[in-house]
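The first residue of the sequence shown is numbered 1, and numbering continues consecutively from there.
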Amino acid sequence: IGSRTVGMVLSVAVVLAYVALLTYVAVRARAAREFEEFSLAKRALPLALVFGSLAATYVGPGFSIGFVGRGFQSGFLFLGIGLAYSAQNILVGLFVAPRLRALKNCHTLGDAIGQKYDRKCQILAGVISVGLCAGFVAVMAKAGGDVLHDVFLLPRWSSVFIVVAVTALYTTFGGLRASVITDAFQFSSFAILLPIMLLFVLAFHLKGGAATFASQASAATTNGLHVTSPIEIIGLLAAFLLGETLIPPYANRALASGTTRISRNGFVLAGLFSVFWFMAMIALGISARSIIPADTGEDFVLLNLVKSVIPAGGYALLLVVLVSVVMSSLDSLLNAGAVAFTQDIVKPFVKLPDTSALNIGRAATIVIALIAAAGAVAVPSIIGGLLICYTIWAPAILPTLIIGLWIKRPHPLAGILSMGVGTVVAIMLWIILWLIFKYAYPSDVEIPPLVIIPAIGAALLAYALGHWIGRNKSGA
């Protein structure tokens, strides 16, 4: 009991010290004094901050805790699926982010869509953006709550509240600048410490060495291929290729970069880094198969592995890494949702002085944080929650955004129909399949991969219909 108490005290001390240091870094970043600084850091981010904050944002609990869990269950299958995300980031950097950055006076994706289509499209894109940001924040809050609950044995609701409250505090006052600087700071910690943990596990705790690792990898991958149907694999590839494409925090970094070249290179570098990150996380999951119980839940594989192999001091340090992983995604999503609410939902109706826009953005940060904290209890798992968000985001926004950036005069009706149909079809299909697999034909099949491709198809058809009607009306 004495050693356990010492370990608990050490863990609390280290985490509190880290939070204090993070708060100091955020304060040093300076509170935003105007909306342009709150939303886009005055469009002056250098390459190092764009790359570091992008990587810190996507390496949230899904791409760390979640990927370790999936590596534990399905081996290298999920590495192949994760590489679809890496390819997406590189493609966005090469072809889309520079076009987005080249647009003038854009604070959000809604702004970009509004410039290309009309104000109604901007408002609808803003509503979708804010809703999806709240959904992503709920997933991150659930993951952060799991970490604090597992370590300090706090009630889950209070664990979620603590993580969200601390992150919302510095994001509310510092805006994007504080988010980006703290993200870069946190990136430097977990990008070093988690790979070091992998080397530690492989060197000192994996009995049998490379032969054991290869055997466990083969068994896990075979199991993953056995329990995952080809259509689910195709759906997962589509979800990771398209589901996080230019979600609001990523779009904000493209828009906030100093130049189009910085925007392009930041996304390409972040995509390349993700390849090595996914390899490390999947390898940790596979290594855990011979160290922790086989029935460990996927969201607790990394935590249990850390408990099993790391001494008390190192365990406290790894806790800091996991907390930073959660907060680096959480702050970006809160800021992006608040900016989208102000710019895309409020400003089209009311002409706001800069001070009022800044205050509305800060208030929106707090409201989104509270809504997401309440919704965290409904998140099934980290990867499961992300897949639901991916399934709605891709058909709701991507066809309208990508086509709008590439053609000269897109028709507003096409944008409205595509966003509306994509959103409704994705949600309705998910509900229908959930009811079928819950009650009619009980099954553990993952629903989002079955939804995303039909929903994108419906969105594209709706876009084509709107474009055809708009062209005929303009030609009449």
Side-chain angles (χ1 to χ4, degrees), residues 29 32 34-58 88-89 91-117 121-123 125-126 128-130 132-133 136 171 174-181 183-184 244-271 329 331-348 354 357-358 361 364-365 393 397-398 400-402 404-406:
E34 53 191 71
F35 187 70
E36 181 80 6
E37 190 173 8
F38 180 84
S39 59
L40 292 180
K42 295 192 173 181
R43 301 176 192 272
L45 294 182
L47 177 60
L49 285 181
V50 173
F51 161 65
S53 64
L54 269 175
T57 299
Y58 73 64
Q88 171 259 113
N89 242 15
L91 291 171
V92 167
L94 293 175
F95 300 111
V96 183
R99 284 179 175 265
L100 190 62
R101 176 61 181 84
L103 296 175
K104 304 298 182 184
N105 300 318
C106 275
H107 292 78
T108 62
L109 277 184
D111 256 347
I113 289 172
Q115 281 192 23
K116 288 292 185 176
Y117 296 89
C121 290
Q122 178 180 358
I123 294 168
I128 294 169
S129 295
V130 173
L132 264 294
C133 280
F136 279 116
T171 308
L176 184 67
R177 179 181 174 85
S179 173
V180 166
I181 290 175
D183 282 355
E244 272 202 36
T245 300
L246 285 175
I247 60 172
Y250 303 165
N252 285 11
R253 278 141 184 80
L255 292 167
S257 56
T259 64
T260 56
R261 183 178 181 181
I262 288 173
S263 178
R264 179 185 67 243
N265 293 343
F267 275 84
V268 171
L269 287 173
S329 292
D331 61 10
S332 302
L333 289 158
L334 285 172
N335 176 259
V339 172
F341 177 80
T342 307
Q343 189 71 18
D344 301 330
I345 298 176
V346 178
K347 277 192 171 184
D354 190 79
L358 178 60
T365 303
W393 176 259
I397 292 292
L398 290 190
T400 299
L401 174 66
I402 302 300
L405 289 174
W406 283 89

With sequence neighbours left out, write down each residue that passes side chain to side chain contact (heavy atoms under 4.5 Å, CB included) with [X], or none if nothing qualifies.
X	answer
Leu398	Leu242, Thr245, Trp393, Ala394
Arg101	Arg43, Ser257, Thr260, Ser263
Pro348	Arg119, Gln122, Ile123
Ala270	Phe51, Leu54, Tyr58, Asn89

Would a 4.5 Å heavy-atom cut-off, applied to side chains only, mark Val268 and Leu94 as touching?
-> yes

Using a 4.5 Å cut-off on heavy atoms from C-beta on, say whether the side chain of Leu49 contacts that of Pro46.
-> yes

Heavy-atom pair of closest approach, residues [X] and [Y]:
X	Y	value
Ala254	Leu100	CB-CD2, 4.1 Å
Ala336	Asn252	CA-ND2, 3.5 Å
Ala340	Ser129	CB-CB, 4.0 Å
Gly93	Phe267	CA-CB, 3.4 Å
Trp406	Phe95	CZ2-O, 3.5 Å

Determine, step by step, whether Ile402 and Val96 satisfy the side-chain contact (heavy atoms from CB on, under 4.5 Å) criterion, reporting the C-alpha distance in whole Å, the side-chain angles of both residues, the deciding distance to 0.1 Å, and the verdict.
-> CA-CA 8 Å; Ile402 302 300; Val96 183; 4.1 Å; yes

All side-chain hydrogen bond (donor to acceptor under 3.5 Å, both in side chains) counterparts of Tyr250, not counting sequence neighbours | Tyr85, Glu244

From [X] [atom1] over to [Y] [atom2], what is the distance, rounded to the nearest 0.5 angstrom?
X	Y	atom1	atom2	result
Thr400	Tyr117	OG1	OH	5.0 Å
Leu109	Leu401	CG	CG	5.5 Å
Asp344	Cys121	CG	SG	11.5 Å
Leu47	Arg264	CG	CZ	10.5 Å
Asp111	Leu255	CG	CG	8.0 Å
Leu246	Ile397	CG	CD1	10.5 Å

Step by step, work out the side-chain contact (heavy atoms from CB on, under 4.5 Å) result for Leu103 and Leu405.
-> CA-CA 10 Å; Leu103 296 175; Leu405 289 174; 4.0 Å; yes

